[in-house]
Asker: 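Below is the structure I would like to discuss, written out as structure tokens.
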Amino acid sequence: MEKIKYYVKQNTPLFGLFVMMIIVTIIDPKFIQLSNISNVIRQVSINGLIALGMTFVILTGGIDLSVGSVFALTGAVLAKMLINGVNPLLAVLLTLGLGLVLGVINGLLIAKGKLQPFIATLGTVTLYRGITRVFMEGRPITGFKSKFVDNIGRGYVLGIPIPIIILIIAVLIALFITKRTVFGKEVYAVGGNEKTAHFSAINVDRVKIKVYALSGLLTTIAGIILMSRLNSAQPNAGLGYELDAIAAVVLGGASMSGGKGKIWETFVGILIIGVLNNSLNMLRISSFYQDVAKGVVILLAVLFDRKKYYK
Amino acid sequence: MKIKMQDISKSFYGVKVLKNINFDLEEGEVHALVGENGAGKSTLVKILTGIYLKDSGSIFVDNKEVNVGSVKDSIDLNIAIVQQEIATLPNMTIWENMFLGRELKNSWGFLDVKKMKEITKEKLINIGLNIDPDIIMGTLPIGKQQLITIASALLWNKKVIILDEPTSALTTKEIDVLFDTIRKLKKEKVSFIYITHRLEEIFEISDRISVLRDGEMIGTNKTSDVEISDIIKMMVGYTMHDRYPKMKNTSGKTILKVDNLTCEPLYRNVSFELKEGEILGFSGLMGSGRTEIMQTIFGIIKKDSGKIIINDEEVKINSPIKARKYGIAYITENRKEEGLILDFSLSENIVLPNLKAILNKMKIIDHKKQEKLAEDYIKKLDIRTDSPKKIVQTLSGGNQQKIVVGKWLTTNPKILILDEPTRGVDVGAKYEIYEIMNELKEQGVAIIMISSELPEIIGMSDRVAVMHEGNLRGILNKDECSQEKIMTLATGGK
Ligand SMILES: Nc1ncnc2c1ncn2[C@@H]1O[C@H](COP(=O)(O)OP(=O)(O)OP(=O)(O)O)[C@@H](O)[C@H]1O
Ligand SMILES: [Mg+2]
């Protein structure tokens, strides 16, 4: 019994998710159908990818507020390239490259410019959004055709939606990076104690640049999925997405001061938000109340989880 | 005020660290508490100050049983503690630190900044520090921070003051000032519990000595009745014959040459050579620039001018990563902020400078290798822990220090720089660290050791470099080394 109690305490988010799923199923058994579950995962794939990148950033003790704008800007650039007849594969690769560069800029401002992550990305979130609007002249871009890009958001492989496959692969890679690579260990060390990491011959600047680059890259993949699904790029795409991503990471139990947190826990956090959104919709609760409910759940969850770190 | 602790027991996660301890303190007495790392000294005084709660036993103040359930209770009882792991607020000024939570107000109800600064200034001078109360705490070396923490404990006019390794970062001169202060307060009936690993000190200052071993009280004696060897025997459980290993002269060819190194205002025109298989001691007062020179060699501090030459080749070292490439390891004096990630496990900490060592053939991290490496060093350095997975924060101070030393040994350095390597380490473990140094020296590793403990510098070094206010005043050979000679140079004399 003691053991079970300990286990539950160590994995509060996971058990929270189970409890939530059971309650929703009791209220409406349709929830647990495979088609609905798959729907939930597909819906979370976008936030999920962003949250994965955010996990790395938060593990170093940083934060990336710019993701929503990176999301919009890269989507817009891809749409424009497709309309102008650039080869779709090349266009996607160039877009991913752009996402990486936008992330690296964040990283450079923080590592080399010695800006606080909050401030640096507070600047770039506005900057990147501004560039997006200038670039799109404030109007959506629609009417591009590409089977390849269409498939990214809407296709299936072996009956599984491609966004889900992308998310799962990304989670697996992220798990591998954090658990089994030198870079992963360095990420934790930088967040755990930056000075000690520096004194231990870890290239702190490079680690920071890399995590923001990773965040930029994953956000761009998410942006491409949404653009493909809607078949249009919007100047206001991704507004506020940083909040959902941060919420997922925090729900998973990571510490905002860095050094503590796990990929699979973020994945649980992502699912909690997904289940919450899905069930509130199923129960036909108005969107105003949905926000209230979401806020309450997030606060309750972190209050519960807090015990783990501060006895 | 008299204190009596009776039958105190305490366990952490099922491991008993204090077993039915009896301890008492007379009015106006200095009672020394000694014992190996992890013996339970800090835990015992933390119980007396309400930082930890006892599992069983009773505490009496002036023969009346009291309940110490929180830090506030102990403050109300006029008990103050200067903790081993000094906790200051690094971004605040000295006077803000001193008056934290007890700020003085003027008749308008506003903060009386002027008064607080005046008092701070006065208290600092009392303890031999003539510095501006407006200085930001974090910019001071830890030795000075330690002195300031002591000064603020003395500020609140307590009846009982507990000092948990107060001198670990202080130099001889500062210790003298501290002892004078203690003697003065004793006359005013203040009592002290004094924890230290510098056994010479307790014979100078204490009235009685209690020895803890593995959570048990081995005995309490009048200081005048015992000798240092008796105490060591009680601490470690066997007779220790030597405090330092027998050292051979194994000096080989010059590996490191430092030529006119300057970084104003920290140090200037520093030149010395280091040979393979040699231990070069660095002595000097706090703030004499020793640490800064070493951190320049290690790529953390930028130099203004001068050369660093390794194996006859000038090198540019602008980061610890570069330093590691040249086989340099630097073991910091500041374990809490620069040496450890406190909420990570022992094994995670020990592999940090050499993460490549735990990769398998496919360049993937091998957690078994990590545990194995950690276990090797736990054995090698005799780190007292029940598992390599233990969070280092929960280890005793001395065992934490051993991890700081151990983590850089994993890189097999050619030039090993140790900055106060035995700070807070018990006699037995000190000897183990010395033996490891000796072993490395015999393998041809070139070693620099900064130490403020004169017996240690003299006992271990082949040559001793002495610094004074950023100038290298001289390098003494083993046969011309004496405490007087070093102190004369270190204080600016000829
Ligand atoms: N918060 C804690 N959680 C778990 N174990 C602890 C905790 N605090 C102390 N311990 C354990 O209790 C034992 C005694 O520790 P303590 O800090 O009292 O030793 P010490 O005598 O002060 O040693 P040192 O000379 O190294 O400072 C050690 O084995 C330590 O690991
Ligand atoms: Mg201690």
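For clarity, every value in this text was computed on a predicted model and none was experimentally measured. Below, read A as the first sequence line, B as the second, and so on, with proteins coming before strands; counting in each chain starts at 1.
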Asker: Which atoms form the tightest heavy-atom contact between B/Y330 and A/F199, and what is the distance?
Answerer: CE2-CE2, 3.7 Å
Asker: Which bit of B/L340 is near chain A, if near means a heavy-atom gap under 4.5 Å: side chain, backbone, both or neither?
Answerer: backbone
Asker: Please name the pair of heavy atoms, one in B/W408 and one in A/A201, separated by the smallest distance, quoted to 0.1 Å.
Answerer: CH2-CB, 3.9 Å
Asker: Of the backbone (N, CA, C, O) and the side chain (C-beta and beyond), which part of B/T332 lies under 4.5 Å from a heavy atom of chain A, both, or neither?
Answerer: side chain
Asker: Distance check, rounded to the nearest 0.5 Å: A/T181 atom OG1 versus B/I364 atom CD1?
Answerer: 9.5 Å
Asker: Spell out the residues in residues 183-198 of chain A that have some non-hydrogen atom less than 4.5 Å away from a non-hydrogen atom of chain B, in order of number; otherwise answer 'none'.
Answerer: A/K185, A/E186, A/Y188, A/A189, A/G192, A/N193, A/K195, A/T196, A/H198
Asker: Mark yes when over 12 heavy atoms from residues, nucleotides or ligands other than B/K336 sit less than 6.0 Å from its NZ; otherwise mark no.
Answerer: yes
Asker: Side chain, backbone, both or neither: which part of B/K322 has an atom under 4.5 Å from a heavy atom of chain A?
Answerer: neither
Asker: CZ of A/R206: more than 12 outside heavy atoms within 6.0 angstrom?
Answerer: no
Asker: Find the one option among B/D343, B/T411, B/I300 whose heavy-atom pairs under 4.5 Å with chain A are most numerous.
Answerer: B/I300
Asker: Contact part of B/L359 toward chain A, heavy-atom cut-off under 4.5 Å: side chain, backbone, both or neither?
Answerer: side chain
Asker: Does B/K325, at its NZ atom, have more than 12 non-hydrogen atoms belonging to other residues, nucleotides or ligands within less than 6.0 Å?
Answerer: no
Asker: I'd like to know whether NZ of B/K390 has more than 12 heavy-atom contacts from other residues, nucleotides or ligands below 6.0 angstrom.
Answerer: yes
Asker: Is there any residue in residues 93-123 of chain A with a non-hydrogen atom under 4.5 Å from a non-hydrogen atom of chain B, and which ones are they?
Answerer: none
